[in-house]
Amino acid sequence: MMGRGEAGNDSVEIKVHPRQANTPAGSPPHPSQLQNQSVFKNWVPWLVPLFVVANVAVFIAVMYVNDCPSNSGSCVAPSLGRFSFQPLKENPLLGPSSSTLEKMGALDVNRVVHKHQSWRLISCIWLHAGVFHVLANMLSLLFIGIRLEQEFGFLRVGLVYVISGFGGSLLSALFIQTGISVGASGALFGLLGGMLSELITNWTIYANKFAALLTLLCIIAVNLAVGLLPHVDNFAHIGGFLSGFFLGFVFLIRPQFKWINQKTCPPGYIAPPAQSKHQTYQYVLWVISLIVLIIGFTLGLVALFRGVNVNNNCSWCHYLSCVPTSLWSCKSQQVYCQSMELGSQLKLTCLSNGKSNMYDLSNNDSSKVQMLCAQLCS
């Protein structure tokens, strides 16, 4: 839900130091010509831009469905017609109502568990709460995703993005079981986690590796710290990051240095022998990560569909998502209204501030009544 900085963008540099064999002088290229030789395929990124277009298109569709002029007395930018935004008191991010987001697929634990709408664990990562929200996330996706797709291709990066988004939704659902949650931040944190594990597992082929590691760790720490503010679903960030971190060891693995030298060494040069494409520690990390992912997702889904609230077994875990200070409170603000039908009118009374208002009873489904109650109590 916040802008991300680019990290770990040091280009992959493969330094080849061949040993000249008994060949005529000058026939092979000079060793200096082999420095910084890139041996990895440079992919043309198209999936990440497609993800950006899809997210923007979904946001436009949500605003069309929201149709603020038909459901609210005052809208922001009314000249936009049905694409105008909800009042700032209701949604300061310039976006739709919470009831519209819920209708379009926002993460709602009650619906996931009791109404068998598990698809919301995926659909919520394509929804955004407002213009500022979608703009920040899409800029971050371009900033981070383009580089990864260029190096690893659309399939591996796409899998990391979607599975990490699912992992973020799953952890969020286990800890935050009231209200709704939307946004691609969990998937974005998955890409950051993937960049970190990719740097670790491919450590031998990077130049300036310590600088890249320090930069990436700082960016991750700052973004996770921002998630401690209220109204930010930091559990989705943490779940996405952990999923992406372990997925990086599975999908973003590179061949070891000696194997690359052996495959790219020109005629007349002898490269150090390499019996295996990957180093032993890479295989170990691959196996461990795959086991952790399978066990983690399995246990998480079982706990979710059994209605487990992890907060009941962890008294301090809620501080991972919000730390209360003198400037803000972390308590969720639930709104409740008393309703009364008077002929063709519906009278709503907000229980928190005592305000009442009359509304047309036609086509007032439960989601619309909830939206009207939220507006009345704001």
pair [X]-[Y]: side-chain heavy atoms closer than 4.5 Å:
| X | Y | answer |
| --- | --- | --- |
| L121 | L304 | yes |
| L188 | H237 | no |
| C322 | N234 | no |
| C68 | F85 | no |
| V76 | L94 | yes |
| S164 | L247 | yes |

Using only heavy-atom distances, determine whether the side chains of T100 and N66 contain a donor-acceptor pair under 3.5 Å. yes
Under 3.5 Å, is there a donor-acceptor pair between the S70 and D67 side chains? yes
Quick check for you: to the nearest 0.5 Å, what is the distance between [X] atom [atom1] and [Y] atom [atom2]?
| X | Y | atom1 | atom2 | result |
| --- | --- | --- | --- | --- |
| L192 | F241 | CG | CZ | 7.5 Å |
| L171 | L320 | CG | CG | 9.0 Å |
| L214 | K209 | CG | NZ | 15.5 Å |
| S99 | E90 | OG | CD | 7.0 Å |
| N202 | I200 | CG | CD1 | 10.5 Å |
| L213 | C218 | CG | SG | 9.5 Å |

Would you check, one step at a time, whether the test side-chain contact (heavy atoms from CB on, under 4.5 Å) holds for W119 with Q117? CA-CA 5 Å; W119 49 268; Q117 297 180 3; 3.6 Å; yes
Counting only N and O atoms by type, is there a donor-acceptor contact under 3.5 Å from the side chain of [X] to the main-chain atoms of [Y]?
| X | Y | value |
| --- | --- | --- |
| S84 | L80 | no |
| S197 | F245 | yes |
| H114 | N110 | no |
| S315 | N311 | no |
| N91 | A129 | yes |

Kindly check if the number of other-residue, nucleotide or ligand heavy atoms within 6.0 Å of OH (Y319) is above 12? no
Does atom OH (Y64) have a neighbourhood of more than 12 heavy atoms from anything else shown, all under 6.0 Å? no
Please step through side-chain hydrogen bond (donor to acceptor under 3.5 Å, both in side chains) for the pair Q150 and R147, ending with a clear verdict. CA-CA 5 Å; Q150 284 176 334; R147 175 257 181 187; over 6 Å; no
Salt bridge between R111 and E102, side-chain N to carboxylate O under 4.0 Å? yes
Please lay out, stage by stage, how V157 and L47 fare under the test side-chain contact (heavy atoms from CB on, under 4.5 Å). CA-CA 9 Å; V157 172; L47 186 63; 5.8 Å; no
Which heavy-atom pair separates [X] from [Y] by the least distance, and what is that distance?
| X | Y | result |
| --- | --- | --- |
| G158 | F51 | CA-CE1, 4.4 Å |
| P49 | E149 | CD-OE1, 4.2 Å |
| N309 | L174 | OD1-O, 3.8 Å |
| S140 | A136 | OG-O, 2.9 Å |
| M195 | L216 | C-CD2, 3.6 Å |
| V112 | F305 | O-CE2, 3.6 Å |

Pick out which of V62, I60, V56 makes a side-chain contact (heavy atoms from CB on, under 4.5 Å) with V58. V62
Only one of L252, V250, I253, L196 passes side-chain contact (heavy atoms from CB on, under 4.5 Å) with T201, and that residue is I253
Could you check, using the six-membered ring where one of them is a Trp, whether F210 and W203 have ring centers closer than 6.0 angstrom? yes
Apply side-chain hydrogen bond (donor to acceptor under 3.5 Å, both in side chains) to the pair S185 and D233, showing each step before the final yes or no. CA-CA 9 Å; S185 299; D233 187 358; over 6 Å; no
Under 4.5 Å between side-chain heavy atoms, hopping through other hydrophobics if needed: is there a path connecting [X] to [Y]?
| X | Y | result |
| --- | --- | --- |
| V48 | W46 | yes |
| L148 | V53 | no |
| V302 | F235 | no |
| L290 | L301 | yes |
| V287 | I294 | yes |

Geometric class of the F246/F249 ring pair [parallel <30°, tilted 30-60°, perpendicular >60°]: tilted
When the ring planes of F166 and F297 are compared, do they come out parallel, tilted or perpendicular, using 30° and 60° as the limits? tilted
Steps toward side-chain hydrogen bond (donor to acceptor under 3.5 Å, both in side chains) verdict (S169, S172): CA-CA 5 Å; S169 299; S172 174; over 6 Å; no
Using side-chain contact (heavy atoms from CB on, under 4.5 Å), reason through L191 and L141 one step at a time and then give a plain yes or no. CA-CA 9 Å; L191 295 183; L141 177 56; 3.8 Å; yes
Going through the checks in order, is the side-chain contact (heavy atoms from CB on, under 4.5 Å) test met by F189 and L224? CA-CA 9 Å; F189 266 86; L224 287 175; 3.5 Å; yes
Measure from NZ or CZ of R254 to the centre of the six-membered ring of F152, then state whether that distance is under 6.0 Å and the direction lies within 45° of the axis. yes
Checking ring pair (Phe, Tyr, Trp, His ring centres under 6.0 Å) for the pair F59/H128: CA distance, chi angles, key distance, verdict? CA-CA 7 Å; F59 180 73; H128 289 84; 7.5 Å; no
